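The structure displayed is predicted, hence computed values, not measured ones.
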Amino acid sequence: MKDTHSNGRADSMANDRRAVLRTIGLAATSTGLVGTAAAGSESDDATDAGRDGTADALVALTHGVATGDVTATTATVWGRTADDATIHVAYGHAESFDDIGYDRTTVDAETDHTGHVRLEGLEPGTRYRYHVWATRSETTYRPFRGGNVARGGHFESGPGTEHSNRSDRGSDGTDTAGHDPRENPGASRSGDDPPAGGDVTGDLLPDAIERGIFVTAPAPDDDASVTFAWSGDTWGYGDDPVEPPFPGLQAIADRKPDFFLYHGDTIYADAETPAGTITRQTPLDDALEIYRAKYKEMRDPPAEVADRTGLRELLETTSVYTVWDDHEVVNNFAGPIEPLMPEGRRAFREYWPLDRDDGAEPGESNQFYDSFRWGSHVELFLIDTRQYRDPNVKLESKTLLGATQLEWLKDALADSEATWKVLASPAPLGYPSDSWVTPADRTGYEAELLDLLEFVRTEPISNLVVVAGDVHKSVVGAFDPDDDGEFEFVEAIAGPLGAPAGEPDDLYPPLNPTEFFAKGEYANFGTVDVDESGETLTIGIYDEQGTEQFTETFRAADIDAGTGPEPPERIESTFDEDDDGWLISQNGGSDRPVYRESGGTPGGHVSDEENQGGIAWYYQAPFKFLGDREAFYGGSLSFDLRQARADRQFDAEPVEGGDVLLAGGGAKLVYEFRGPERTPGTEWTSFEVPLSADATWIDLTSQEPLATEERFRAVLGTLETLRIRGEYRSGDDTSFLDNVVLSK
C-alpha cells in the first residue's frame with residue numbers, strides 16, 4: 001500500500017495491525033504469517049507447511065478494502081489480491097475490538113482476484129472495525145482459545161477451523177478459560193520461547209493488511225437518527241476531463257456519515273483515461289479488462305496522473321451502497337440490447353461490495369435493485385434505471401425499470417413501515433434528462449413515471465424523498481403533480497464529484513414543481529439527516545470542500561401523497577398565473593410555451609410559434625389532467641384557440657394526432673373537428689370535444705376504425721397523453737391557447 005493512502009496514520013495503523021493479529025492469534029516469522037494448517041487437508045505435509053510458514057506467505061492486497069450493502073446484522077467486505085489467494089477478515093467492536101469474528105473467501109483470476117466476504121451475526125446500530133489480509137494457502141485463522149496454540153505459534157487444526165465465527169469472550173476480552181488473547185500468541189501457555197526469527201510484524205503488516213470502519217443499520221424498531229451522503233459522476237468526461245484527486249470524496253469521509261450512496265457513473269468507461277477507453281466498437285474480448293482497469297485506477301490512479309483519488313480514504317471510513325448508471329458500460333446505453341452490458345455488469349459486481357443477489361455467479365447476475373432498512377424511520381430503495389430500459393427509440397410508452405422491477409418497487413414502497421422512504425434513482429423523476437422526462441418532446445418513459453406517481457398518490461405512499469444524480473448539477477425541489485396542494489415527493493439531485501458540471505435547467509413543468517435550490521458549474525455532494533424522532537428530514541448540499549451551499553428541513557407532514565379530495569368534477573388550466581406545466585410537442589423550436597400575462601379570455605394565456613412547417617405541433621397537458629380519468633367519460637374537453645394568421649390552413653393527418661389526441665394503455669384516440677369553424681381564426685374561438693364513443697373518435701391502434709365505449713373508457717382510465725393541436729397554418733405560424741377544461 002502506498003504511503004499516500006495512509007493519511008499520516010502509517011505508524012498507528014501498523015501498531016493497530018500488530019495488535020489485531022495478536023488478538024486473533026497470529027504470529028509472524030521471517031517467511032510470513034503462520035496460522036492453522038491448510039483447511040481441508042489432514043496430511044502431515046500440510047501441517048508442516050503451515051509450521052514452516054512458506055505455504056502461508058502473505059499476498060498483497062492491491063486496491064484497499066470496502067464494506068457495503070450493510071444491514072442491521074450483515075455487511076459485505078470487498079478486497080483484491082495480487083494473485084490467487086485466500087482473503088481473511090477479522091472484525092470486532094470499533095472501540096474495544098472485542099467479541100472478534102472471522103471469515104474468509106478464496107479468489108482467483110476468474111474474478112480478477114476480487115473477493116466478497118459476507119459478515120453475519122452482527123449487532124444492530126454498532127460501529128465495527130475490521131482487518132483484511134490474504135495468504136497463499138487456504139489457511140483458517142480463529143480467535144485464540146486455551147489449548148489450541150502449538151509450539152511455533154500456529155493453531156492446531158480442530159473442529160470449527162473451516163469457518164470460525166465469533167469467539168466466546170468475557171467482558172474483559174479474555175476467553176472462557178480466562179486467557180487474554182492479546183498476549184504474545186507466539187508463546188505457548190507453558191512458557192515456550194517465541195518462534196525462531198523473532199516478531200517481524202512491523203516489517204510485514206503495513207503493506208499486507210488493510211482495515212476499515214463501518215456501522216450497522218439500527219434495528220427496524222429502533223428510533224435512531226440516520227445520516228448519509230450521496231453523489232456520483234467521478235472521473236473523465238468530454239473534451240476536458242477532470243483528474244484526481246477529488247476533494248469531495250475526502251470531504252464526505254471527514255463527515256463520517258452512517259453510509260455513502262455512490263450514485264452512478266463510478267467510472268467513465270467511455271472516457272479517455274490511462275486505463276483505456278470503451279467505445280461501441282470495442283471488441284467484447286477486450287472490454288472486460290478495460291472495465292476492470294477503470295475500477296482499479298479509481299482506487300489507485302497512475303502516478304503520472306495523481307497520487308490518489310480520495311476514494312480509498314472514503315471507503316476506509318464508512319460503508320457504501322453503489323448504484324450504476326450509463327458510464328459503467330458506455331454513454332447512454334439502454335438495456336439488454338447493448339452488447340457490452342454483460343461485461344460492464346460483471347466488472348461492476350466484481351469491484352463493489354454488493355450483496356443483492358444470492359444466486360450471483362461471475363458475469364451472470366442481473367439484479368442490482370434492493371431495499372435496506374435503517375431503523376424505524378428510514379428505508380433506502382436502490383433501483384436500476386439502465387439494465388432493463390427500453391431502447392431510446394420513438395415509442396409512446398417505454399420502460400426504464402422493466403415490469404418485474406416496477407412491480408417490486410411498488411410492492412416494496414407499499415409494504416414499507418419506515419417513516420421516510422428514500423428512493424435512490426440515478427435518473428431524476430422531476431428534472432429533465434435522457435430518462436423519465438425530457439425538456440423537449442416525449443421520450444415515452446413518461447408513461448411509466450405517471451404509472452409510478454399514480455401508485456404513490458393512490459396507495460398512498462407518504463414521505464417519499466428521491467435522491468438522484470446523473471445530470472451534473474445540484475437541484476432540490478418538491479412536486480405536486482395532481483395539483484391537490486400536497487407534495488407527492490421531494491427530489492434532491494447532487495453531483496458531480498469529478499465530471500464537468502453544467503448550468504441547471506427548469507424542473508419538469510407538468511409535475512407542478514416547487515424549486516428550492518438550483519446551482520451548477522461546481523463539484524458537490526448531498527446529505528440526508530433524519531432525526532431520532534423521525535419527524536424531520538434535512539437535505540444539505542455542499543461543495544467539494546464541504547462548504548454548505550443549501551439546507552432545508554422537511555417535516556413528515558410536508559410530503560403527504562394522500563388520495564387528496566374526492567375525484568374532481570372539473571380539471572382546468574386558465575393560465576392566469578403561469579403556464580401551469582403545459583409543454584409543446586413535435587415542435588423543433590421550443591419545449592415550453594410562451595406565457596403571456598394578458599390578452600387571454602380573460603387574463604393570461606400561452607402561445608408558441610415555429611417556422612419549420614410540415615408537421616403539426618401540439619400543446620401537451622400536464623400530469624394533473626392525466627391518470628385515471630374514466631369518470632370523465634360522457635363529459636367534454638373544452639378550450640379556446642386563436643391564430644396570428646388564418647391563411648394557408650391545412651388538415652393534420654390522424655396519425656400525427658388530428659386536432660385532439662388521447663393516449664393510454666397502449667391505445668391512441670384522435671378527434672378531428674368538422675364544419676366551417678374547424679380551424680381557429682385570428683380572434684378567440686371556443687372548441688368543445690365530446691368525451692364519448694358516440695362522437696367520431698378514430699382509433700389508431702385497433703382494427704376497428706372508430707373507438708368503442710369499452711376502448712374509450714380504457715384510454716381515459718389510464719390516460720397518459722392529452723394533446724391539443726396548435727399549428728393550423730402551413731409555414732410560419734403563431735398559435736394561442738386559453739381556458740382548457742376537462743369536465744364531467
Side-chain angles (χ1 to χ4, degrees), residues 227-235 237-238 240 242 246-255 257 259-266 268 310 314 320-323 325-327 380 385 420 422-439 464-479 487 489-509 511 513-530 537-554 558-559:
T227 178
F228 71 89
W230 89 95
S231 195
D233 308 297
T234 312
W235 187 9
Y237 183 78
D240 185 23
V242 178
F246 306 114
L249 292 170
Q250 185 61 58
I252 295 169
D254 292 341
R255 295 181 66 87
F259 61 85
F260 173 56
L261 172 62
Y262 208 168
H263 215 344
D265 295 343
T266 60
Y268 274 75
L314 174 58
V320 63
Y321 297 97
T322 317
V323 179
D325 199 16
D326 55 334
H327 290 287
L380 178 68
T385 60
W420 298 92
V422 180
L423 176 60
S425 173
L429 275 65
Y431 184 90
S433 66
D434 71 333
S435 298
W436 270 308
V437 296
T438 64
L464 176 63
V465 175
V466 180
V467 290
D470 183 52
V471 295
H472 299 198
K473 60 266 301 180
S474 55
V475 184
V476 181
F479 300 83
F487 293 137
F489 67 99
V490 166
E491 181 168 76
I493 303 167
L497 285 166
E503 288 291 344
D505 296 318
D506 292 334
L507 296 173
Y508 191 56
L511 290 178
T514 297
E515 184 177 277
F516 296 105
F517 174 76
K519 182 178 179 179
E521 302 291 355
Y522 76 123
N524 65 87
F525 63 90
T527 63
V528 169
D529 294 276
V530 175
L537 178 147
T538 301
I539 294 171
I541 302 293
Y542 298 84
D543 69 15
E544 63 181 347
Q545 304 300 332
T547 303
E548 181 182 302
Q549 306 296 299
F550 166 83
T551 185
E552 180 79 13
T553 297
F554 298 91
D558 295 337
I559 316 172

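Shown here are the ring-ring contact (aromatic ring centres under 6.0 Å, His included) partners of Phe517, two or more places apart in sequence or in another chain: Phe550. Residues that satisfy the ring-ring contact (aromatic ring centres under 6.0 Å, His included) test with Phe260, not counting sequence neighbours, are Tyr262. Not counting sequence neighbours, the partners of Ser474 by the side-chain hydrogen bond (donor to acceptor under 3.5 Å, both in side chains) test are Tyr522. Ala523 pairs by the side-chain contact (heavy atoms from CB on, under 4.5 Å) definition with Glu544, not counting sequence neighbours. Residues passing the ring-ring contact (aromatic ring centres under 6.0 Å, His included) test with Phe489, sequence neighbours excluded: Phe479. For Asp506, the salt bridge (charged side-chain N to carboxylate O under 4.0 Å, His left out) partners at least two apart in sequence or on another chain are Arg592. Taking the side-chain hydrogen bond (donor to acceptor under 3.5 Å, both in side chains) definition, one finds that Thr322 meets it with nothing, sequence neighbours left out. Glu503 pairs by the side-chain contact (heavy atoms from CB on, under 4.5 Å) definition with Glu521, not counting sequence neighbours. Scanning for side-chain contact (heavy atoms from CB on, under 4.5 Å) contacts around Thr527 gives Ala229, Arg255, Phe525, Asp529, Tyr542, with sequence neighbours left out. A search for salt bridge (charged side-chain N to carboxylate O under 4.0 Å, His left out) contacts involving Asp325 returns Arg386, not counting sequence neighbours. For Asp558, the side-chain hydrogen bond (donor to acceptor under 3.5 Å, both in side chains) test picks out no residue, with sequence neighbours left out. Partners of Pro504 under the side-chain contact (heavy atoms from CB on, under 4.5 Å) rule, at least two apart in sequence or in another chain, are Tyr431, Lys473, Val475, Ala518.
Between Val528 and Thr538 there is no side-chain heavy-atom pair separated by less than 4.5 Å. Residues Ile559 and Val465 are in side-chain contact: their nearest non-hydrogen atoms beyond the backbone lie under 4.5 Å apart. Annotation: side chain of Thr553 is not in contact with side chain of Leu537 (no heavy-atom distance under 4.5 Å). Contact annotation: the side chain of Thr234 never approaches that of Pro496 to less than 4.5 Å [non-hydrogen atoms, C-beta and beyond].
Between atom OG1 of residue Thr266 and atom CG of residue Asp233 there is a gap of 10.0 Å, rounded to the nearest 0.5 Å. Once rounded to the nearest 0.5 Å, the distance linking NE2 of His472 with CD1 of Ile493 reads 11.5 Å. Atom CG of Leu423 and atom CG of Leu429 lie 6.5 Å apart (nearest 0.5 Å). Between the NE2 atom of His263 and the CH2 atom of Trp230 there is a distance of 8.5 Å, given to the nearest 0.5 Å.
Of all the heavy atoms in Ala424 and Leu261, the pair that sits closest is CB-CD2, 3.7 Å. In this structure, Pro428 and Ser433 approach most closely via the heavy-atom pair CD-OG, 4.0 Å. In plain terms, the two heavy atoms of Thr385 and Ser425 that are nearest each other are CG2-OG, 4.0 Å. For the pair Val490 and Ala478, the tightest heavy-atom approach, listed with the atom from each and the gap, is CG2-CB, 3.8 Å. The minimum heavy-atom distance between Asp470 and Pro426, with the atom names listed, is CB-O, 3.2 Å. Gly526 approaches Ile541 most closely through the heavy-atom pair CA-CD1, 4.1 Å.
At least one donor-acceptor pair closer than 3.5 Å links the side chain of Gln549 to the backbone N or O of Thr547.
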Query - Pair Ile539-Phe554, side chain to side chain contact (heavy atoms under 4.5 Å, CB included): steps then yes or no - result: CA-CA 8 Å; Ile539 294 171; Phe554 298 91; 3.8 Å; yes
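Ring geometry, Phe259 versus Phe228: the interplanar angle falls under 30°, so the pair is classed parallel (tilted spans 30 to 60°).
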